[in-house]
Amino acid sequence: MEKIKQYGKIIFLASCAVLAALVWYAALYAEAHRNLNVSFFDVGQGDTIFIESPDRTQILIDGGPGNAILAKLGRAMPFWDRSLDLVILTHAHADHVSGLVEVLKRYRVDRILESGEAYGTPEYAEWRRLAQEKNIPVTVAHAGQEIRAGALVIAVLSPFENKSGVSLKNPHDANVSTKLIYGGTSALLMGDAEKMIEYRLVYERSESLRSDVLKVGHHGSKTSSSQEFLAAVSPKIAIIQAGRKNRYGHPTQEVLDRISAAGAAIFRTDLDGDIALASNGIQYWIER
Amino acid sequence: MTKSRVFLWGMMAFVAGVAVRSFAAVPYAAIGGAAGAAVAAAAAGFAQREKKYAAYGFFLLAFIAGMARFDLAEQSRPDLTQFYARPSAALGIVAEDPSYAEKSQRVKLKITEVDGRALAAPFFVLATTRKYPAYAVGDELKISGRIEQPENFSNFDYVSHLRRDAIFAVMSFPQIEKIGEGNGNRLMLALSRTKHAFEENIDAALPEPHAAFMNGLLLGERASIPQSVRDDFQTTGVSHIVALSGYNITLIGRNLMGLLLWFTAPFAASFWIATAAIFLFVLMTGAAASVVRAGIMGVFVLIAQKEGRPYQMTNALAFAGAAMIFQNPYILRFDAGFQLSFLATIGLVYLSPHVEQWFDRIRLKLIFSDPKLSLRRKETTSEARQFLGLKRIFVETLSAQITVLPLLIYLFGRVSLVSPFANLAVLIAVPYSMAAGFGAGAAGFLSRMAGDAAGWAAWVLLEYQLRAVSFFARLPAASVEVGAWTAIPLLIAYGVVFLHVWKKSNSTEK
């Protein structure tokens with residue numbers, strides 16, 4: 001009792017300070033989320049994209065190679081929030097799925113979208129095991145699907161047919177490519193899609209390819225980003241997710257030249273760190 | 001020379017013997033000759049009641065015993081030449097929880113069967129394998145690949161590093177098939193499961209990097225802390241808080257003690273409860289040899305603070321050190337964690353009273369320089385200051401830092417200039433965040449909500465610490481490259497100061 005009297009004032013002041021901090025936190029958080037935010041995290045050699053719409057829909061595409069994604073998500077989301085509305089796996093390579101395994105362990109995931117292509121690595125097996133254990137509904141991705149979350153639309157462009165259970169020589173051929181449409185702005189997220197997918201998109205759906213922003217396929221490798229495809233998309237901003245001094249030499253100069261020739265400004269996670277793209281439905285910009 | 005002095009120097013002679021032998025092989029003839037001389041001296045001393053000679057004989061014997069202990073450890077290595085460098089299929093049981101890196105895990109296996117033949121003498125293998133699936137202590141694995149002899153790389157003595165943990169064979173990305181689980185000591189398995197569940201509760205209650213930081217604070221699991229954060233910790237000299245060092249364990253024990261005292265529990269009871277808590281804690285973290293050693297050192301600091309007369313525990317501390325080295329002679333030279341932990345303990349036990357005196361003297365000077373202002377301030381804030389324990393933290397950090405500094409320079413070739421300040425800023429919050437984190441981990445067993453609530457309190461404290469560390473790490477010249485050689489002049493300077501203080505304290509005692 002004596003002690004409570006003694007520290008009463010301090011405790012009261014501390015409680016006030018905590019309360020004030022929480023109000024500020026909430027206010028600043030709301031202010032920062034009036035727009036659609038798309039974060040391209042720097043997690044080394046691998047992809048991971050976090051999308052947060054103004055109505056608080058949270059979507060994660062790929063998880064990068066290790067658990068670096070966890071610290072990035074911990075920073076990007078409010079500290080009490082441990083749930084994601086949708087997780088999209090573009091394909092089963094370790095530099096896309098490994099981090100997602102950690103995400104499944106820590107976060108409540110409402111739904112998974114993936115191609116379901118059978119790929120025999122321990123990382124992918126662990127991902128499937130966890131999804132099953134946690135009873136997360138899995139949607140098999142194929143072209144033509146549309147996901148709507150408020151004003152945000154996610155259109156699936158590839159794979160072109162249901163690849164569930166099919167074993168491919170190159171998992172990139174079943175890559176889940178998507179287009180984000182928010183008001184009059186758009187971003188094309190190509191995962192590790194290679195030229196085969198690009199050509200088919202150009203021939204079959206060239207009218208819907210045009211986008212403001214392009215997440216360049218396969219970390220800027222020369223297997224992707226053909227001239228024809230770039231011309232059809234004609235992005236103003238191109239984003240490359242690659243690791244610093246990665247052993248594959250991504251992105252290649254050839255691809256960088258092609259993108260520049262197509263007229264896009266290039267942002268790279270290996271040079272620029274995390275890249276935050278924002279859109280209010282009319283304008284889009286890279287946040288500094 | 002008193003009996004207790006003889007005992008102390010005997011222990012030190014033993015350690016010196018281990019040290020000498022760990023750097024160079026000594027011919028058996030020389031050891032035998034010395035042993036003969038030692039026995040003769042001791043016998044002659046006893047016979048003629050010439051205590052001095054008996055003591056010298058005893059010291060020499062202890063020194064030889066140290067060399068012999070190390071030699072025995074060297075000789076007792078298993079002969080694995082028949083297994084090296086050829087493909088084999090082995091059966092083994094996971095001996096410890098694996099350690100994780102970004103894309104891989106390292107599993108220590110006790111191999112019991114090779115190519116269908118059961119082994120009379122099982123041996124350990126350290127297998128590096130993919131991160132998934134994760135294995136746990138007690139898992140039985142069928143593992144096929146090449147068993148290799150470990151080799152040193154660049155300038156790291158990997159062979160000795162592994163030998164310390166009784167590992168003489170490694171495997172790189174073998175084929176692994178899990179065929180069973182739950183082998184081994186029931187108690188250890190249960191504790192390991194508790195630890196994992198506890199970790200999962202922390203992971204559920206906190207986002208990253210806070211959860212990894214908390215697991216580092218509470219369990220010494222620092223592998224999952226992001227590299228950038230670990231670099232910042234290194235730069236600011238606060239890495240020790242996420243390793244299970246003696247100091248870390250002291251903090252746990254003492255904060256529990258402080259809490260009990262605050263609730264007006266009797267002093268002796270608080271002390272014993274805190275000690276018991278440390279014991280349980282060591283068990284829970286898996287009771288790895290390094291953690292047991294840290295626990296013992298942590299208890300020592302508690303005792304020193306309980307007794308308030310550190311010099312009386314010199315013998316006990318020397319005995320504990322010698323016993324640890326006897327148990328595993330390799331730690332003396334090849335275990336940086338042991339060295340740092342032991343030096344920090346010495347700093348906390350012996351140096352902190354001196355540092356506290358200096359600190360008080362400086363503070364007095366400051367007070368006298370401006371009596372009006374300072375005296376009033378002292379009156380109003382002394383309560384709060386004691387509550388936060390600012391002075392205690394500062395004194396202890398400085399003491400521990402002074403004793404480990406030469407070793408840190410020798411190991412890393414760098415000095416963190418911001419270290420005392422960064423430590424001060426961080427350590428204020430460490431006890432409270434450990435308490436909150438422990439609450440989150442424990443409450444998680446009861447309900448997710450309770451765990452989350454404790455997690456939020458922990459988050460605020462951890463966020464503060466992470467920001468403080470990041471702030472100090474970004475200061476110019478936070479950490480300076482000085483070159484390992486500077487450890488030598490520094491040691492000489494320490495020697496001079498030590499002699500000076502020793503002389504002074506001897507003369508004042510008389």
Under a 4.5 Å cutoff for heavy-atom pairs, which residue among [options] has the most contacts with chain B?
{"options": "A:Ser98, A:Ala68, A:Gly44, A:Ala21", "answer": "A:Ser98"}
{"options": "A:Thr121, A:Val18, A:Ile69, A:Val101", "answer": "A:Val101"}
{"options": "A:Leu70, A:Leu73, A:Asp81", "answer": "A:Leu70"}
{"options": "A:Glu102, A:Met77, A:Lys105", "answer": "A:Glu102"}

Check: Between A:Asp42 and A:Lys72, is there a salt bridge with N-O shorter than 4.0 Å?
Finding: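 A salt bridge is absent here (no side-chain N lies under 4.0 Å from a carboxylate O).
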Check: Between A:Glu123 and chain B, which part of the residue has a heavy atom less than 4.5 Å away: side chain, backbone, both or neither?
Finding: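 Contact with chain B is through both the backbone and side chain of A:Glu123.
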Identify which part of [X] has an atom lying under 4.5 Å from any heavy atom of chain A, answering side chain, backbone, both or neither.
{"X": "B:Ala212", "value": "neither"}
{"X": "B:Pro133", "value": "both"}
{"X": "B:Gln227", "value": "neither"}
{"X": "B:Leu462", "value": "neither"}
{"X": "B:Trp459", "value": "side chain"}
{"X": "B:Asp203", "value": "both"}

Can you tell if the side chain of [X] reaches within under 4.5 Å of the side chain of [Y], non-hydrogen atoms only?
{"X": "A:Ile286", "Y": "A:Asp272", "value": "no"}
{"X": "A:His172", "Y": "A:Thr223", "value": "no"}
{"X": "A:His218", "Y": "A:His250", "value": "yes"}

Margin query: Counting neighbours of CZ on A:Arg129 that are heavy atoms of other residues, nucleotides or ligands and sit closer than 6.0 Å, is the number greater than 12?
Written below: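 Counting other residues, nucleotides and ligands, CZ of A:Arg129 exceeds 12 neighbours.
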Notebook entry, point to check: Are the side chain of A:Asp95 and the backbone N or O of A:Val97 linked by a donor-acceptor pair below 3.5 Å?
Noted result: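 Such a contact is absent between A:Asp95 side chain and A:Val97 backbone.
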Check: OH of A:Tyr248 to CD of A:Gln45: how many Å apart, nearest 0.5 Å?
Finding: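 So the OH of A:Tyr248 and the CD of A:Gln45 are separated by 6.5 Å.
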Item checked: Reference residue A:Tyr119; test ring-ring contact (aromatic ring centres under 6.0 Å, His included); the match among A:His93, A:His96, A:His91 ->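 Testing A:Tyr119 for a ring-ring contact (aromatic ring centres under 6.0 Å, His included) against A:His93, A:His96, A:His91 leaves exactly one candidate, A:His93.
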